[in-house]
Amino acid sequence: MSQLKTTISRLDDLPSTPGKFKPDKHTPYVQRLRLHSKITFWSFFVAFILLFFFLTHPSAAPPSSSRRALGSDTWGGREWERRVSRSARKRSDSGLTVLVTGAAGFVGTHVSVALKRRGDGVLGIDSFNHYYDPSLKRAREKLLERAGVFVVEGDINDASLLQKLFDVVAFTHVMHLAAQAGVRYAMQNPGSYVNSNIAGLVNLLEVCKSANPQPSIVWASSSSVYGLNSKVPFSEKDRTDQPASLYAATKKAGEEIAHTYNHIYGLSITGLRFFTVYGPWGRPDMAYFFFTKDILKGKPITIFEASDHGTVARDFTYIDDIVKGCLAALDTAKKSTGSGGKKKGPAQLRVFNLGNTAPIPVTELVSILEKLLKVKAKRQVLPMPRNGDVKFTHANISLAHRELGYRPTIDLETGLKKFVRWYLNYYSGGKKKSAW
Ligand SMILES: O=C(O)[C@H]1O[C@H](OP(=O)(O)OP(=O)(O)OC[C@H]2O[C@@H](n3ccc(=O)[nH]c3=O)[C@H](O)[C@@H]2O)[C@H](O)[C@@H](O)[C@@H]1O
């Protein structure tokens, strides 16, 4: 307080109309004026140096929240809001207005384009993290841009960004696909699974529950929640309390968290348990993708077998079938019942298997790839390491068939043919690099 008084009294020393005042150059006032000029000069000089430093060293800039306040971050500003609104504008009154998280991801890209093509409003959000080659995500972003979908670069853990998106657009639906995927990587980086699949999910649901109107939510769970369940085919009624990986455990936790937000806040939530989704623009961390890469390079591939020399198999599901399931889940989602963070009545809570219901041994997947690529794979068969993998998956899809009209139509060989065609084209560096 005393310091404040001193500062005020110093300011009071200055004449209110300095131009009319003829100073005596020997008075203390003139000395102070000279001092002030020097301070002003050095302040400008230091400010200039700092500005130069931050412009040439962007990573040394202040934290994003303060930059955001200045409107100079990757999001914010009038032009940005215009882009957000334009992307989320639907073509007809009956259309949906969907926020797609993980929009530059494999499933996110396909779902976003399909929604946009049929006239829904779509806005994407994606963190473009480096879990796998970010240039593939950027190529997908270009594809989305051409389809009229704007992807906001940001994290689902950023509550102020999500809040801002809901301030700009009244989303009717959220298609939540942003996640840390991959079963085996969970042993290397467990924190990223907790951060995306648990903290990120909770953050998103917090914003959704407070939104007015509350959106309906459809999100990606995983076949991995069945874990050590050995009853086949896997039905939604089967036990899911024995996850074999941390990845599976975070997806299972997501399903329980969904229950809580549905119960307390009246959010309408649908979880989709995807079964090993594959296809063009897929994820390079998945076996069918890196097997293709390694076979073409003449590198050996490792094929896991069960401890009893038993076959390891997956219910591989083609991306177009998954997209149909996602759209059907959005179309049949009932409205959330809450408003202003308060539940008004019971809301819809659903879980569906989206699989192909035709498990194929991994050895057969490799044989199909060999045939399509016309290259013999260098197979190395090893016992399945204890890294979170399960022996087989097999979806019972009768519930999804009944409620969503879901009926997969693409068998593994047909789907891999489409994938291989895309792969060769994309990685040939040819002109058709970003073809669909
Ligand atoms: O359906 C799911 O729930 C999951 O499907 C995939 O997980 P996964 O089925 O393990 O798919 P891949 O990693 O592509 O593995 C496919 C099969 O290849 C086998 N594999 C994998 C890697 C390898 O080097 N060798 C090998 O034989 C695996 O054991 C597995 O049986 C996805 O990576 C998960 O994100 C997703 O949630």
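Numbering of ligands and ligand atoms starts at 1, following listing order. FYI, the numbering just counts along the sequence from 1.
Shortest non-hydrogen contact noted between Tyr426 and Ala139 is OH-CB, 3.4 Å. Looking at every heavy atom in both residues, Ile198 comes nearest to Ala253 through CD1-CB, 4.0 Å.
Here side-chain hydrogen bond (donor to acceptor under 3.5 Å, both in side chains) pairs that include residues 199-216, with residues two or more places apart or in two chains, are Glu206-Lys209, Glu206-Tyr261. The ring-ring contact (aromatic ring centres under 6.0 Å, His included) analysis of residues 223-243, with sequence neighbours excluded, yields the pairs Tyr226-Phe234.
For the salt bridge (charged side-chain N to carboxylate O under 4.0 Å, His left out) test, residues two or more places apart in sequence or in another chain that qualify with Asp241 are Arg239.
At a 4.0 Å heavy-atom cut-off, the residues surrounding ligand 1 are Ala181, Gly182, Val183, Arg184, Ser222, Ser223, Ser224, Tyr247, Phe274, Phe275, Thr276, Arg283, Met286, Ala287, Phe290, Phe291, Thr302, Ile303, Phe304, Val312, Arg314, Val362, Asp389, listed by chain and number.
Judged by the 6.0 Å and 45° rule, Arg314 forms no cation-pi pair with Phe275.
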